[in-house]
Every structure is written in C-alpha cells, then in structure tokens.
Amino acid sequence: MTPKEVRVRIAPSPTGYLHVGTGRMAIANYLLARHAGGKFLVRVEDTDKERSKAELIEPILEALKWLGLEWDEDILYQSKRIDHYRKFSTQMIESGHAYRCFCSPELLTADREKAKAEKGPMRYNRRCLSLSDDEVKNKLDAGEKFATRIRMPEGATTYNDLVSGDITRQNEEIEDFIIARSDGSATYNLAVVIDDHDMRISHVIRGNDHITNTFKQIHIYKALGWELPIFGHVPLILRPDKKKVSKRLGDKDVSEYRNEGILPDAMFNYLSLLGWSPKTDREIYSPKELIEIFDETHFNAANAVFDEEKLEAFNREHIQLMSDHDIAATLAPMLVEADLTTKYWLETRWEYLRDVVTLLKPRARRLSDFIELSSYFFLAPVEYDEKGRAKQFVPETIPILEGLAERFEGLNEFTLESTEKALADEAEKLEIKKGKLIHPTRLAVSGISQGPGLYDILATLGQETVVERIRKTIEVIKKVTA
RNA sequence: GACCCCUUCGUCUAGUGGCCUAGGACACUGCCCUUUCACGGCGGCGACACGGGUUCGAGUCCCGUAGGGGUCGCCA
C-alpha cells in the first residue's frame with residue numbers, strides 16, 4: 001500500500017477577520033502539507049445564515065495570501081453544498097444511528113436551564129428516543145417539525161491525537177447532539193465530516209478547543225462507515241490575560257499587523273514557533289526553511305501566550321535579512337502615502353532611497369519605523385526636538401554653525417571623509433571638542449538628537465541641502481534667542 | 001457544575017531517568033563599543049506549581065492536590 005497523500009485544510013468561517021489564532025492554524029496545516037509534498041486546501045464554512053458575511057471572505061483569503069499561504073485546488077464553500085449534506089442525516093436515521101427529535105427549541109432551552117439550576121448534566125435527556133414508531137408517524141403526519149439527533153452508542157471512545165496521544169471519553173458524556181436542523185440542513189459537525197471525507201482530508205489539524213467536537217465527529221464517521229483521518233489538536237494562542245484570542249475581545253486581525261509594518265515572513269516565523277518547536281536554539285527561519293525542518297511530532301501540548309514584543313523582535317530580524325533593495329521597493333509607496341515624497345521624485349533617486357534604507361535598517365523594528373525615522377531625508381525639519389532645543393538653541397551655537405556652514409560650502413567634494421575633516425578642522429580652529437560641533441549640526445540638518453552617524457547623514461543629504469538647513473537653523477536660533 | 005486538555009524563567013521554549021549547579025530567545029538590566037540613537041560584544045536577573053510515591057538516581061515515570069485553559073447551541 002502506498003502511503004496516503006497528505007491532504008489538509010484550513011476552514012475559516014466568515015464571521016470575522018482572520019485573527020492570529022486562525023492564522024497560526026493555517027500555517028500549521030500549510031507546513032505539514034508542504035513538508036510532506038501534500039495538498040493544502042481552504043474550505044469556507046459559511047453556513048451560519050445569521051453571522052456569516054460574504055464580504056468577509058475576501059479579506060480572510062487576502063490575509064492567507066499575505067502570509068504566503070497559497071492553497072491548492074478550488075476553495076470549497078459549504079453554503080454551496082447544503083443540499084448535498086441532507087441525505088446523510090436521513091441515511092443515519094434509516095440505519096438506526098440517528099433519530100428524529102420533536103422537542104422545540106424552547107423546550108430544550110428550558111431543559112438546559114433546569115439542568116443548570118439543579119447542577120445536573122447539561123445533556124439532552126433523550127425524550128424523543130423512546131418515541132414509538134406509531135408516535136413518530138403520528139407527529140410526522142401532523143406536520144410536526146423535527147431535528148435529527150445522533151444516537152450515541154454505549155461505551156467509551158479513544159483516539160490517538162497527534163499532539164496529546166490517546167484521549168478517551170465516555171460516550172455517555174456526549175449527548176445525542178443534533179446533526180440536522182428542523183429544516184433538514186446539516187449542522188456543523190455533520191457538514192465537517194462529510195466535507196473532510198469528500199475532500200479526502202488525511203490530517204485534521206486544528207485548535208484544541210475542538211477536541212470535544214472530534215469525539216462527536218468520530219461517531220459520525222463510524223455511523224457513516226468512513227475511515228477516520230488523523231486528528232491533531234494543537235495548542236491555542238492565548239492573549240496575555242490567558243484568554244483565547246477572539247475578535248470579540250478586541251484582538252487584532254492579521255491585516256492590522258500588516259498595516260503596522262510587520263513583515264509576513266516574520267509573522268509566519270513567529271506564529272510557527274508558537275506551540276511548536278524546531279528543537280534547536282535557532283529561532284529565525286524563512287518560510288522555506290520552516291517547511292524543510294517541519295516535523296508534526298514537535299507540537300507542544302500547552303497553550304501559548306501571544307507576545308507582540310517578541311513578534312516585533314522577530315520582525316526586526318527579518319528586516320535585517322531583507323536586502324536594502326527589497327526594503328526600498330516596499331517602502332517607496334509607503335513614503336508617498338505618508339506625504340514625505342512623491343513617486344516622481346523617487347523615480348530618479350533610487351540610490352538615494354537605498355542609502356537611506358542602509359542607514360536606518362539597524363534601527364527599524366517595523367517597516368513603519370522607516371517612515372518615522374526618515375522624514376528629514378525628504379523634508380527639511382520644521383521643528384526641532386525638545387532635547388536639542390534645550391541644549392543647542394543658545395547664542396554660542398550661532399558662530400559654530402556659521403563657521404561650519406562656510407566650510408561645508410567651500411568643500412569640493414562632499415563625502416564621509418571630507419565632511420568629517422571639515423568638522424575636525426573647525427573644532428581645532430575653535431579649540432573645542434568635536435562633540436560641540438556634531439550635536440548642533442545633527443540638530444540643524446535633522447531636527448532630532450539621535451539617528452545614524454552624522455557624517456553618514458551629511459554625505460547622504462548632500463552639500464546643498466546641508467548648508468541650506470544649517471543656515472536656516474541659524475536664523476531660527478537667532479529668532480528665539482533674540 | 002460535568003467532561004477533556006495542560007502545568008520548566010514575566011513570555012515563547014530546550015530538556016524523553018544520570019551529560020541539569022536546567023540551555024536558548026524576547027523583555028528587563030550592568031559594562032564595553034559609539035562624543036547621538038540604534039546595532040553588536042560580554043555579563044546579570046530569572047523557572048522545573050505543590051505533595052506523595054517508583055528508582056541507586058526524577059524537571060524527566062506514577063498517583064493525588066492546586067492552578068490555568070477549553071467544551072458543554074437546531075453557532076461554526
């Protein structure tokens with residue numbers, strides 16, 4: 001027998017955007033598929049008429065694509081298969097694995113409330129299981145609506161979980177849950193089993209919040225006489241307050257991280273290592289490397305807290321891994337968007353942009369940091385920072401800057417070396433330390449008191465801009481100290 | 001409440017009976033580098049939830065307790 005093809009799926013329901021928990025699940029499945037040379041599929045579970053929103057499907061798919069998760073084969077939409085599901089609940093009634101339940105939703109709610117108040121089991125009391133054939137026939141003839149319930153067998157069920165090993169549950173702990181609504185449409189668990197079977201899913205990898213569903217689904221598989229897939233319940237991603245991430249609690253969806261300057265590879269990398277370990281000391285990997293080293297036995301069983309700070313650290317590493325050219329390319333539209341420059345201006349100054357990237361790269365943790373840190377490379381400072389003003393906006397600074405402006409203006413070539421020498425010469429002439437010149441100059445050309453090395457800034461900015469900005473700053477200082 | 005899962009530094013994790021005076025990463029922090037800010041380098045802080053067993057020996061196996069999480073819809 002040839003080994004079964006690995007076929008896995010991610011099954012989002014369009015009731016919200018793609019949050020990191022679902023993203024992490026998608027990555028786990030994707031990694032398993034790609035590592036094994038199998039197929040990664042997407043199924044949209046959009047059968048909830050009330051909560052599903054068609055307009056949410058596209059953003060979810062976009063987020064998956066952004067993470068680099070390309071799926072194989074066509075997307076399966078559950079909403080298009082509703083009629084297909086119907087016959088299976090009927091089949092289960094006929095085979096004796098399910099029965100009709102005429103209890104009204106109101107009655108069931110009352111049952112539940114009573115059970116809760118009496119602290120009894122919150123399971124269906126099987127009222128309709130004992131209905132005789134005649135009673136059923138009479139109700140049917142009277143046009144009474146019925147939902148279809150699975151008839152749970154005696155005994156216990158054990159399955160081997162890829163992550164947690166053997167898990168056992170007494171069947172009596174599981175109620176005769178509804179597999180088809182009174183309109184005949186399949187509920188979640190039935191639909192999932194049918195789909196996973198039809199899609200020939202080999203591994204069902206999902207969050208451990210689905211373990212109870214797995215037991216229910218196993219009974220459906222058995223009733224239908226189908227072979228079980230391998231189940232793996234990976235740990236959940238928790239918020240810092242240890243609750244599972246959810247849109248309802250205001251957690252960010254994946255696209256928000258994108259907007260905040262997180263790289264898809266960094267997110268992919270970080271999410272991969274949540275609840276899974278390469279079992280080495282190395283943490284930074286490209287998606288390609290993660291596919292290579294993936295091992296489905298390395299999942300952890302304990303839930304993991306999502307730490308945005310560590311995500312940011314991963315992002316920093318991935319930024320350093322990117323070439324200056326690639327960073328410049330992704331940054332260009334962002335700079336235009338931020339009104340720092342124009343597309344037209346950038347077209348002829350590619351090298352300039354790349355130089356700016358080189359200088360700022362070690363200081364960036366997010367792509368957006370480049371925007372914040374680079375403004376003075378595109379626009380003359382209109383404001384000067386607090387610290388700089390306090391220290392440099394004094395009358396003594398004026399002659400220093402004037403002398404420097406003159407020297408810089410007289411330079412034949414404006415390089416790292418020539419600007420450094422000019423500043424050193426001026427310092428020597430004034431008999432003061434270079435620092436006395438460096439700081440006011442930095443403030444004059446950038447408006448802030450920190451950043452790349454001064455000579456790097458000067459050489460990048462260019463002679464004309466530097467002289468102009470120093471002179472302008474002199475005027476500002478004169479005005480405020482007058 | 002019932003059931004299921006889980007429990008190593010604040011967080012993510014390594015550790016599969018002796019290699020553990022428990023390793024790495026993020027965060028925090030000291031020093032060095034740098035007349036700025038980062039980066040980098042070298043240090044520091046900091047954990048086996050608790051209690052019983054099993055064993056010559058337990059973070060590693062077993063049991064119990066506590067704690068955390070999840071599930072208990074004609075939602076998915």
Side-chain angles (χ1 to χ4, degrees), chain A residues 11-15 45-52 78 101 103-105 108-109 112 115-123 145-149 161 163-165 167-170 172-175 177-189 191-192 207-216 233 235-236 238 240 242-244 270 273-284 300-314 316-317 320 359-365 369 373 387-388 433-439 442-443 446 448-454 457:
Chain A
S13 57
T15 54
E45 308 205 324
D46 52 353
T47 53
D48 184 339
K49 295 180 214 89
E50 263 92 72
R51 297 197 306 152
S52 284
Q78 286 194 326
C101 173
C103 300
S104 68
L108 294 171
T109 306
R112 261 193 297 275
K116 200 169 189 177
E118 292 171 358
K119 297 197 188 299
M122 306 247 290
R123 277 173 254 128
K145 294 254 180 212
F146 67 89
T148 308
R149 286 185 185 273
D161 194 276
V163 177
S164 297
I167 304 180
T168 301
R169 201 168 178 206
Q170 298 301 314
E172 63 179 18
E173 297 293 343
I174 308 167
E175 69 170 351
F177 60 95
I178 292 174
I179 56 172
R181 304 179 185 92
S182 47
D183 63 2
S185 65
T187 56
Y188 171 73
N189 283 301
V192 165
N208 66 26
D209 52 342
H210 279 285
I211 291 178
T212 50
N213 280 327
T214 295
F215 282 100
K216 291 180 177 179
H233 291 85
L236 259 24
L238 269 25
K242 309 264 181 165
K243 297 284 177 219
K244 77 167 179 172
Y270 178 67
L273 266 53
L274 232 38
W276 182 86
S277 169
K279 310 273 186 192
T280 65
D281 280 348
R282 186 176 159 197
E283 290 193 316
I284 303 300
N300 227 90
N303 293 168
V305 173
F306 186 87
D307 181 6
E308 199 164 314
E309 211 148 8
K310 183 142 184 172
L311 198 218
E312 199 174 57
F314 269 56
R316 200 194 79 77
E317 298 286 348
Q320 306 315 311
L359 295 184
L360 263 18
K361 198 157 108 170
R363 291 163 178 78
R365 290 174 71 88
D369 289 344
L373 299 172
K387 187 184 160 199
K433 286 197 213 160
K434 287 200 287 185
K436 284 275 181 197
L437 303 183
I438 290 173
H439 299 304
R442 168 188 298 285
L443 187 70
S446 75
I448 54 176
S449 306
Q450 48 180 263
L454 177 66
I457 296 178

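Reckoned from all heavy atoms, side chains included, excluding hydrogens, waters and symmetry mates.
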_Selection from B:C5, B:A76, B:G73 that lies nearest to any side-chain heavy atom of A:R112_ = B:G73

*What is the pairing partner of B:G46, taking Watson-Crick or G-U wobble pairs with both distances under 3.5 Å in any strand?*
none

_Complementary nucleotide for B:U54 - Watson-Crick or wobble, under 3.5 Å_ = none

*Roughly how far apart, to the nearest Å, are B:A58 and B:C50 at atom P?*
15 Å

Hey, what are the protein-to-nucleotides 65-70 of chain B N/O distances that come in under 3.5 Å?
from  : atom 1 : to     : atom 2 : distance (Å)
B:G69 : OP1    : A:K243 : NZ     : 3.2
B:G69 : O2'    : A:N303 : OD1    : 2.9
B:G70 : OP1    : A:K244 : N      : 3.3

*Of the nucleotides B:C4, B:C12, B:G73, which has the atom closest to the A:E175 side chain?*
B:G73

_Pair partner, B:A66 [Watson-Crick or wobble, under 3.5 Å]_ = B:U7

*Show your reasoning for whether side-chain contact (heavy atoms from CB on, under 4.5 Å) applies to A:I284 and A:F314.*
CA-CA 7 Å; A:I284 303 300; A:F314 269 56; 3.8 Å; yes

*Who passes salt bridge (charged side-chain N to carboxylate O under 4.0 Å, His left out) against A:E308, sequence neighbours left out?*
A:K252, A:R366

*Write down the distance between CZ (A:F314) and P (B:U13), rounded to a whole number of angstrom.*
11 Å

*If the P atom of B:C45 is compared with that of B:U29, how far apart are they to the nearest Å?*
16 Å

*Under 4.0 Å: is that the gap between some side-chain N or O of A:T187 and OP1 or OP2 of B:C74?*
no

*Report yes if a donor N or O on one partner sits less than 3.5 Å from an acceptor N or O on the other, where the partners are the side chain of A:S164 and the base of B:C5; otherwise report no.*
no

_Let's see if you can work this out: which of B:C6, B:A76, B:U13 has an atom nearest to the side-chain heavy atoms of A:A302?_
B:C6

*Partner set under salt bridge (charged side-chain N to carboxylate O under 4.0 Å, His left out) for A:R442, not counting sequence neighbours*: none

*Quick one: ring pair (Phe, Tyr, Trp, His ring centres under 6.0 Å) partners of A:F146, sequence neighbours excluded?*
A:F102

*Among B:A14, B:C75, B:A2, the nucleotide that comes nearest once only the side chain of A:S277 is considered*: B:A14

*More than 12 heavy atoms from other groups under 6.0 Å of NZ on A:K361*: yes

*Residues two or more places apart in sequence or in another chain: which of them pass side-chain hydrogen bond (donor to acceptor under 3.5 Å, both in side chains) with A:S104?*
A:E106

*Would you state whether a donor and an acceptor, one from the side chain of A:R51 and one from the base of B:C75, lie under 3.5 Å apart?*
yes

*What heavy-atom pair brings A:P235 and A:A302 nearest, and what distance separates the two atoms?*
CB-O, 3.0 Å

*Nearest-angstrom distance, P atom, B:C9 to B:G23*: 14 Å

*Once you round it to whole Å, what is the distance between P of B:A2 and CZ of A:R169?*
14 Å

*So what does A:I178 touch, heavy atoms closer than 4.0 Å: a base, only the sugar-phosphate, or nothing?*
base

_Can you tell me which residue among A:N189, A:I179, A:V192 is in a side-chain contact (heavy atoms from CB on, under 4.5 Å) with A:K216?_
A:N189

*Under the 3.5 Å rule, do the base of B:A25 and the side chain of A:K310 count as making a donor-acceptor pair?*
yes

*asked:* Could you work out, with salt bridge (charged side-chain N to carboxylate O under 4.0 Å, His left out) as the rule, every residue matching A:K49, not counting sequence neighbours?
replied: A:D183

*Considering residues at least two apart in sequence or located in another chain, which fulfil the salt bridge (charged side-chain N to carboxylate O under 4.0 Å, His left out) criterion with A:E173?*
A:R123

*asked:* Let's see if you can work this out: which of B:A76, B:G15, B:U7 has an atom nearest to the side-chain heavy atoms of A:Y188?
replied: B:A76

_Selected nucleotide, minimal atom distance to A:E309 side chain, candidates B:A14, B:C3, B:A27_ = B:A27

*Distance between the C1' atoms of B:U13 and B:U7, in whole angstroms?*
14 Å

*Indicate for each nucleotide in nucleotides 35-49 of chain B, in 5' to 3' sequence, whether protein heavy atoms under 4.0 Å reach the base (B), only the sugar-phosphate (S), or nothing (-).*
BBBBSS---------

*Nucleotide paired to B:C33 in any strand shown, Watson-Crick or G-U, under 3.5 Å*: none

*Given that both distances must come in under 3.5 Å, which nucleotide forms a Watson-Crick or G-U wobble pair with B:C75?*
none

_Partners meeting side-chain hydrogen bond (donor to acceptor under 3.5 Å, both in side chains) with A:T214 (sequence neighbours left out)_ = A:R206, A:H233

*For the side chain of A:V305, counting heavy atoms from C-beta on, which of B:A14, B:C74, B:U11 is nearest?*
B:U11

